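We name chains A, B, ... by the order of the sequence lines, and we start the count at 1 in each one. Because the structure is predicted, anything quoted here is derived from the model rather than measured.
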There are 2 protein chains.
Amino acid sequence: MKALSHPARLRIVDQLASGERCLCELQPLFEQDKSTLSRHISALRQVGIVSERREGARIYLRLATPCILQIFDCLNGVLQAEAKRTAQWLEPEMVE
Amino acid sequence: MKALSHPARLRIVDQLASGERCLCELQPLFEQDKSTLSRHISALRQVGIVSERREGARIYLRLATPCILQIFDCLNGVLQAEAKRTAQWLEPEMVE
DNA sequence: GCGCAATGTAGCATTATTGCACAACAATGC
DNA sequence: GCATTGTTGTGCAATAATGCTACATTGCGC
């Protein structure tokens with residue numbers, strides 16, 4: 001869970017959701033230093049969320065357990081419920 | 001996700017999985033200070049994972065979005081895959 | 001083989017975040 | 001008043017994140 005508790009790592013997982021990615025493809029998406037990204041990925045690998053495949057100098061990453069994506073669905077549910085709650089604060093008259 | 005990234009908070013969610021709990025029921029399960037538990041729960045409430053129901057001096061908590069439990073299932077999957085990997089390191093000859 | 005760019009990783013110092021206990025405070029019920 | 005139940009404020013210790021630099025490995029041109 002800790003491994004998923006960082007925005008950058010969630011973005012990485014999100015990228016991998018649509019398929020295998022090379023680390024070098026991910027780099028441009030993050031403004032941060034290479035080493036930082038490397039560390040995030042290392043964290044995900046260490047807990048078994050992503051697995052790798054080396055191909056020459058490049059490393060291709062993919063999700064080791066696709067069920068991770070279910071977590072995203074659930075997350076959406078929580079966020080939407082949350083948004084609804086907030087809307088109720090702002091405009092109580094809209095609640096029926 | 002950050003809200004779920006702490007063992008204590010996972011334990012809280014786990015407790016709530018089996019139904020509503022009073023905060024005072026939770027306290028004995030944790031050795032830590034009341035204030036610490038209070039803050040953990042506050043964190044979970046803030047992101048909409050748990051919701052509360054006050055009854056007199058007591059506060060009853062429950063999971064706001066049951067799909068959280070799916071995350072636990074997924075977690076188990078990851079952990080088991082991880083365990084298998086580790087076993088392979090230790091005893092490669094056991095792999096067939 | 002040799003130099004060199006590209007791709008990743010590891011070590012380090014700095015900074016930001018988190019977790020914790022202790023104490024003080026608020027609210028409820030007797 | 002007083003015990004019970006929670007929350008909030010504060011200071012401190014532990015952890016995590018980041019950028020920088022230096023280093024390893026691969027692939028390519030010569």
Side-chain angles (χ1 to χ4, degrees), chain A residues 1-16 19-64 68 71 75 78 82 85-86 89, chain B residues 1-16 19-64 68 71 75 78 82 85-86 89:
Chain A
M1 277 297 118
K2 267 190 201 166
L4 291 175
S5 70
H6 193 284
R9 292 196 287 265
L10 282 179
R11 280 183 62 198
I12 294 171
V13 172
D14 189 43
Q15 286 298 317
L16 295 181
E20 217 175 39
R21 287 279 185 287
C22 172
L23 215 161
C24 57
E25 292 177 280
L26 295 172
Q27 304 249 9
L29 304 176
F30 296 82
E31 278 120 33
Q32 304 175 316
D33 198 78
K34 308 165 193 261
S35 60
T36 302
L37 181 57
S38 174
R39 270 181 247 269
H40 284 314
I41 288 175
S42 160
L44 291 170
R45 234 183 352 221
Q46 203 178 351
V47 299
I49 289 177
V50 310
S51 55
E52 68 182 18
R53 179 171 65 82
R54 314 189 82 100
E55 188 168 298
R58 302 190 168 187
I59 296 182
Y60 289 88
L61 302 165
R62 59 186 151 71
L63 294 181
I68 293 285
I71 294 185
L75 229 60
V78 176
E82 178 67 9
R85 275 205 312 138
T86 308
W89 289 354
Chain B
M1 277 297 119
K2 267 191 201 168
L4 290 175
S5 71
H6 193 283
R9 294 195 286 265
L10 283 179
R11 280 183 62 197
I12 294 171
V13 172
D14 189 43
Q15 286 298 317
L16 296 180
E20 216 175 42
R21 287 278 186 288
C22 172
L23 214 161
C24 58
E25 293 177 279
L26 261 33
Q27 304 251 10
L29 304 176
F30 297 81
E31 280 119 32
Q32 303 173 318
D33 198 79
K34 303 165 192 281
S35 64
T36 302
L37 182 56
S38 175
R39 271 181 239 271
H40 282 315
I41 287 176
S42 161
L44 291 171
R45 234 183 351 220
Q46 204 179 351
V47 298
I49 289 177
V50 310
S51 55
E52 68 182 18
R53 178 172 65 82
R54 314 188 83 101
E55 189 170 296
R58 301 192 169 186
I59 295 181
Y60 289 88
L61 302 166
R62 59 185 151 71
L63 294 182
I68 293 286
I71 294 184
L75 228 60
V78 176
E82 178 66 9
R85 274 204 314 137
T86 308
W89 288 354

(request) Answer yes or no: is there an ion pair linking B:Glu52 with B:Arg62, defined by an N-O contact shorter than 4.0 Å? (result) no
(request) Return no unless some side-chain N or O of A:His40 is found under 4.0 Å from OP1 or OP2 of D:dT18. (result) yes
(message) In this structure, how many angstroms lie between the P atom of D:dT5 and the CD1 atom of B:Ile41, rounded?
(response) 14 Å
(message) Judged by each residue's nearest nucleotide on DNA chain D, which is more toward the 5′ side, A:Glu55 or B:Cys22?
(response) B:Cys22
(request) Look only at the side chain of B:Arg9 and the backbone of B:Ala3, and say whether a donor-acceptor pair between them is shorter than 3.5 Å. (result) yes
(request) Report the distance from atom CD1 of B:Ile12 to atom C1' of D:dG6, rounded to the nearest whole Å. (result) 14 Å
(request) Decide if atom CD of B:Gln46 counts as having more than 12 heavy atoms of other residues, nucleotides or ligands within a radius under 6.0 Å. (result) no
(request) Could you state the atom-to-atom distance from CG of A:Leu4 to P of D:dA17 in whole Å? (result) 12 Å
(request) Name all residues meeting the salt bridge (Lys or Arg N to Asp or Glu O under 4.0 Å) criterion together with A:Arg11; count only those two or more places apart in sequence or in a different chain, and write none if there are none. (result) none
(message) Keeping B:Glu25 on the side-chain end and B:Cys22 on the backbone end, is there a donor-acceptor pair under 3.5 Å?
(response) yes
(request) Identify whether any heavy atom of B:Ser35 sits under 4.0 Å from a base atom; if not, whether one sits that close to sugar-phosphate; answer base, sugar-phosphate or nothing. (result) base
(request) Convert the base pairs of DNA chain D into dot-bracket notation, remembering that pairs crossing earlier ones are written with [ ] and that bases paired across to another strand are shown as |; include only Watson-Crick or G-U pairs under 3.5 Å. (result) ||||||||||||||||||||||||||||||
(request) Check every strand shown and say whether B:Leu37 touches a base, only sugar-phosphate, or nothing at a heavy-atom separation below 4.0 Å. (result) nothing
(request) Would you kindly compare A:Thr36 and A:Lys2 by the position of their nearest DNA chain D nucleotide and give the one closer to the 5′ end? (result) A:Lys2
(request) Indicate, with a heavy-atom threshold strictly under 4.0 Å, whether B:Arg54 touches base, sugar-phosphate, or nothing. (result) nothing
(request) Could you tell me from which nucleotide to which nucleotide of DNA chain C, 5' to 3', there is an atom under 4.0 Å from chain B heavy atoms? (result) C:dT18 to C:dG29
(message) If you go through the side-chain atoms of A:Arg58, does one of them form a donor-acceptor pair with the base of D:dG27 closer than 3.5 Å?
(response) no
